[in-house]
Amino acid sequence: LTEHMLAAIRDSPKVHGTETAVFLLPIRYQLEDTTFANLVRSGSIPMDSMNILKPQAEIMAIGGRLGIPVIDLLPASRQWSADGKGSLFLEWEGHWNDKGHLVATEVVARELRRLEALQ
């Protein structure tokens, strides 16, 4: 279903001469291995059945098949967290705070420039 929906999204802007890119937004549980492990344990799910990177890998594979550039914000977000630069999310919910928006903006701008240079 996701692949069919992304194909439709890809094809719709072509009518107007534009292209589609997909941005993968991480959730707070993906930023640190221990936080992810605690989430999995809280749901009584066997740890070996969960993969912290699986959502990104699956969408990246779909993007590759469909020819849609996929920009993954998870690596930069995990690095920010590993560097101890603070939370990227509002404490009381899952939306980004100002730092989260800053990291996302920097990655998206850099990757869109890179994609433009490839054309």
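Numbers here simply count residues along the sequence, with the first being 1.
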TODO: Please write out which residues are connected to Ile62 in a hydrophobic cluster, directly or through intermediates, given that two of Ile, Leu, Val, Met, Phe, Trp, Tyr count as joined at side-chain heavy-atom separations below 4.5 angstrom.
DONE: Leu6, Ile9, Val22, Leu24, Ile59, Met60, Leu66, Ile68, Val70

- [ ] Hey, could you give me the CG/CZ distance between Asp72 and Phe23, rounded to the nearest 0.5 Å?
- [x] 12.0 Å

Open item on the list: Test side chain to side chain contact (heavy atoms under 4.5 Å, CB included) on Leu74 and Leu25; report intermediate values, then the result.
Closed with: CA-CA 7 Å; Leu74 182 58; Leu25 311 178; over 6 Å; no

TODO: Under the salt bridge (Lys or Arg N to Asp or Glu O under 4.0 Å) rule, collect the residues that match up with Glu3, sequence neighbours excluded.
DONE: Arg65

Open item on the list: Can you pull out every ring pair (Phe, Tyr, Trp, His ring centres under 6.0 Å) where at least one residue sits in residues 53-82? Sequence neighbours excluded, please.
Closed with: none

TODO: Please list, chain by chain and in numerical order, all residues satisfying side-chain hydrogen bond (donor to acceptor under 3.5 Å, both in side chains) with Ser81, sequence neighbours excluded.
DONE: Glu32

Task: Partner residues of Gln79 under the side-chain hydrogen bond (donor to acceptor under 3.5 Å, both in side chains) criterion, sequence neighbours left out - done: Asp83

Task: Non-neighbouring partners of Glu106 that pass salt bridge (Lys or Arg N to Asp or Glu O under 4.0 Å), sequence neighbours left out - done: none

Open item on the list: Ile27: which residues meet the side chain to side chain contact (heavy atoms under 4.5 Å, CB included) condition with it, sequence neighbours left out?
Closed with: Tyr29, Gln30

Task: Test side chain to side chain contact (heavy atoms under 4.5 Å, CB included) applied to Leu90 - qualifying residues, sequence neighbours left out - done: Trp92, Glu93, His95, Asn97

Task: Listed partners of Arg114 passing side-chain hydrogen bond (donor to acceptor under 3.5 Å, both in side chains), at least two apart - done: Glu111

Open item on the list: Connecting only ILVMFWY residues whose side-chain heavy atoms lie within less than 4.5 Å of each other, what is the rest of Met5's hydrophobic cluster?
Closed with: Leu1

Task: Residues which pass side-chain hydrogen bond (donor to acceptor under 3.5 Å, both in side chains) with Arg78, listed by chain and number, not counting sequence neighbours - done: Asp33

Task: For Arg28, salt bridge (Lys or Arg N to Asp or Glu O under 4.0 Å) partners two or more places apart - done: none

